[in-house]
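Throughout, residue positions are numbered sequentially from 1 according to the sequence presented.
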Amino acid sequence: MAHYMQEPSHTFSEYLLIPGYTSEECVPDRVCLRTPLTKYRKGLEEPAISLNVPMTSAIMQSVSNDTLAIALAKEGGLSFIYGSQSIEQQAAMVARVKGYKAGFVVSASNLTPENTLSDVLALKAENGFSTVAITDDGTANGKLLGIVTSRDYRVSRMDSTEPVKNFMTPREKLITAPADTSLKTANDIIWDHKLNSLPIVDENDHLLYFVFRKDYASHKANPLELLDSQKRYLVGAGINTRDYAQRIPALLEAGADVLCIDSSEGYTCWQQHTIAWVREHYGDTVKIGAGNVVDRDGFLFLARAGADFVKVGIGGGSICITRETKGIGRGQATALIEVAQARDEYFRETGIYVPICSDGGIVHDYHMTLALAMGADFLMLGRYFARFDESPTNKVMVNGAYMKEYWGEGSNRARNWQRYDLGGASKLSFEEGVDSYVTYAGSLHDNVEASLYKVKSTMCNCGVITIADLQRDAKLTLVSATSIVEGGYHDVTLRCASSAK
């Protein structure tokens, strides 16, 4: 006879937080949302990777490309570039994120003095950069002969065949700095001389890097941005349990900071084999998450296999129909509560804290706070990020309203059969996701800022200013169907739709 869970599984909407004592220090500006991403010996060391805000983007074609990864890293979160594409394309996306923001940037646009204005314009159209290094051999590390920026030419008054050497700013007029210049000194030079960029050259005048004014301004505007030791944005990448031996080396070469096995169900020998391969070839230097699971046994299996974090959730995503098609899964709140208890149990036994990620089931902003209170160290969000300008999908007009396309990895559109691989045929035998639209919501920055302010405000209502304290002190209550209705506006006639927001 099958084993029956006596307690029904619950979703986030079936819970509320009970307010705690709010002291003078409990104000949103003092709330810290920094949280561990990878496992560590809690109390003895710091995690190898932490997030400044508890947000990661889902490993999906319609969500996590390089554009969204850059935008989310600016806010303090991290994206996992989707793996349902060629190894070369995924590695290129990772490389673009790592090269976008750095203290010292290898030049991405390079020409020789014999190139023409049309070459400059074509290069700018290709990569969007307005600063072009002019070197003797047209490479990023050739001998620096000049620079071309948009201030050096006027398309309306110049012939497109005009040689670069006739309008570039020549080397003798450039301010440069030597190879041993620190980032602080470089920024001081930029500000003292009112420059937009500063070339860093070696003793033979070969170009090494650029330091850009915009990077300094960006950091000041985004104090929580998630950076590595070289001042580059952190980025993750999704992998599968089929071609990992070929995909992982390419992703690491491109600069991926952390990997995550992308699967609808993670309590499998295939994930165990994948993690074992990583440990055999890279030891603990490569960080890899696994999942998804919904109970204690699944978590302990992946933690003991060596996962750096574990994702929780099966079938709770807005585009996921795994529960409908296969009858497997669990209410996200119940799954998260049990896995969090298993994580704490594992920590008591081993001294190793394995962070857990709540993946799916977030419909409203307050669900984020509930998930954190229930034990999640960070969240993985798909629909939430798919609505923004920075997601890779098209913005379209549907019935008079702007929408963004959004489809699941298990849909016929994505055809990501590797995510649902059970060791059988190499194909998607049936759909576990849908193809849909979500309401367009604008910029990632504005929405993340608003959502996290709600999280911080709720934490203050609970009398805490850190996620760890929220997990320790939060008081949660189940609510009845009637009280859910009571929680929204009722027994009134709205004056306008906006008043309900």
* Asked: Is the Y353-Y346 ring centre distance short of 6.0 angstrom?
  -> no
* Asked: Does the cation-pi check pass for K98 over Y233, that is, NZ or CZ under 6.0 Å from the six-membered ring centre and within 45° of its axis?
  -> no
* Main-chain N/O of I288 paired to D308 side chain as donor or acceptor, under 3.5 Å -> yes
* So which heavy atom on D389 is nearest to which on K404, and how close? -> O-NZ, 3.9 Å
* Donor-acceptor under 3.5 Å (D228 side chain, K231 main chain) -> yes
* Asked: How many angstroms lie between CD in Q61 and OG in S391, if you round to the nearest 0.5 Å?
  -> 13.0 Å
* Would you sort out whether Y384 and S451 count as a side chain to side chain donor-acceptor pair (under 3.5 Å), showing the intermediate values? => CA-CA 10 Å; Y384 178 85; S451 295; 2.7 Å; yes
* To do: Could you tell me whether the side chains of Q89 and S86 share a donor-acceptor contact shorter than 3.5 Å?
  => yes
* Donor on one side chain, acceptor on other, Q90 and R247, under 3.5 Å -> yes
* **Whether over 12 other heavy atoms sit under 6.0 Å from Y40 OH** => yes
* Indicate the atoms forming the closest heavy-atom contact of K287 with A48, along with that distance. => CE-CB, 3.6 Å
* K395/E405 salt bridge by N-O under 4.0 Å criterion -> no
* Cation over ring, R242 on Y244, under 6.0 Å and within 45°? -> no
* Asked: Between E265 and N292, is a side-chain contact (heavy atoms from CB on, under 4.5 Å) present by the stated rule, with each step listed?
  -> CA-CA 5 Å; E265 200 273 298; N292 288 18; over 6 Å; no
* Where do C460 and V27 come nearest, in terms of heavy atoms and distance? -> SG-C, 3.3 Å
* R330 side chain vs V294 backbone, donor-acceptor pair below 3.5 Å -> yes
* Asked: Does a donor on one side chain sit under 3.5 Å from an acceptor on the other, for T458 and N461?
  -> no
* Check the pair Y366, F12 against ring-ring contact (aromatic ring centres under 6.0 Å, His included), reporting the backbone distance first and the verdict last. => CA-CA 9 Å; Y366 82 89; F12 292 132; 8.8 Å; no
* No-hydrogen, no-angle side-chain donor-acceptor test under 3.5 Å, Y402 and T439 -> no
* To do: Could you walk me through whether V310 and V354 pass the side-chain contact (heavy atoms from CB on, under 4.5 Å) test, one step at a time?
  => CA-CA 7 Å; V310 174; V354 180; 4.2 Å; yes
* Asked: Roughly how far apart are C357 SG and K311 NZ, rounded to 0.5 Å?
  -> 6.0 Å
* Asked: Got a sec: does the CD of E46 have more than 12 other heavy atoms crowding it under 6.0 Å?
  -> no
* Of the non-hydrogen atoms in Y406 and A386, which two are nearest, and what is the gap between them? -> CD1-CB, 3.5 Å
* Asked: Can you check side-chain contact (heavy atoms from CB on, under 4.5 Å) on V53 and L224, steps first, answer last?
  -> CA-CA 8 Å; V53 300; L224 294 177; 4.2 Å; yes
* Could you tell me whether R383 and D359 have a side-chain N and a carboxylate O separated by less than 4.0 Å? => no
* To do: Might you work through the side-chain contact (heavy atoms from CB on, under 4.5 Å) test for Y15 and M374, ending with a clear yes or no?
  => CA-CA 10 Å; Y15 284 90; M374 291 172 181; 3.5 Å; yes
* **Heavy-atom side-chain proximity of I261 to T241 below 4.5 angstrom** => yes
* Asked: Is it true that the side chains of S443 and E390 contain a donor and an acceptor less than 3.5 Å apart?
  -> no
* Gap between atom OG1 of T56 and atom CG of L37 - 0.5 Å precision -> 7.5 Å
* Near-ring test W277/H273, centroid separation under 6.0 angstrom -> no
* Asked: Can you tell me how far CG of L370 sits from NE2 of H364, rounded to the nearest 0.5 angstrom?
  -> 11.0 Å
* Before accepting this row, confirm whether a basic side-chain N of the pair D284/R279 lies closer than 4.0 Å to the acidic partner's carboxylate O. => yes
* Asked: Do you know which two heavy atoms are closest between I18 and C462, and how far apart they sit?
  -> O-SG, 4.3 Å
* Q332 and S358: side chain to side chain donor-acceptor pair (under 3.5 Å), yes or no, with the steps? -> CA-CA 8 Å; Q332 187 66 8; S358 180; 3.0 Å; yes
* Asked: Minimum heavy-atom separation for L300 to A342, with atom names?
  -> CD2-O, 4.1 Å
* Asked: Do K214 and F212 meet the cation-pi criteria used here (NZ or CZ under 6.0 Å from the six-membered ring centre, within 45° of the axis)?
  -> yes
* To do: Please determine, by modelled atom types, if S57 and S79 share a side-chain donor-acceptor pair under 3.5 angstrom.
  => yes
* Asked: Should the heavy atoms of other residues, nucleotides or ligands under 6.0 Å from CD of E345 be counted, would the total exceed 12?
  -> yes
* **Salt-bridge present (D29, K456; N to O < 4.0 Å)** => no
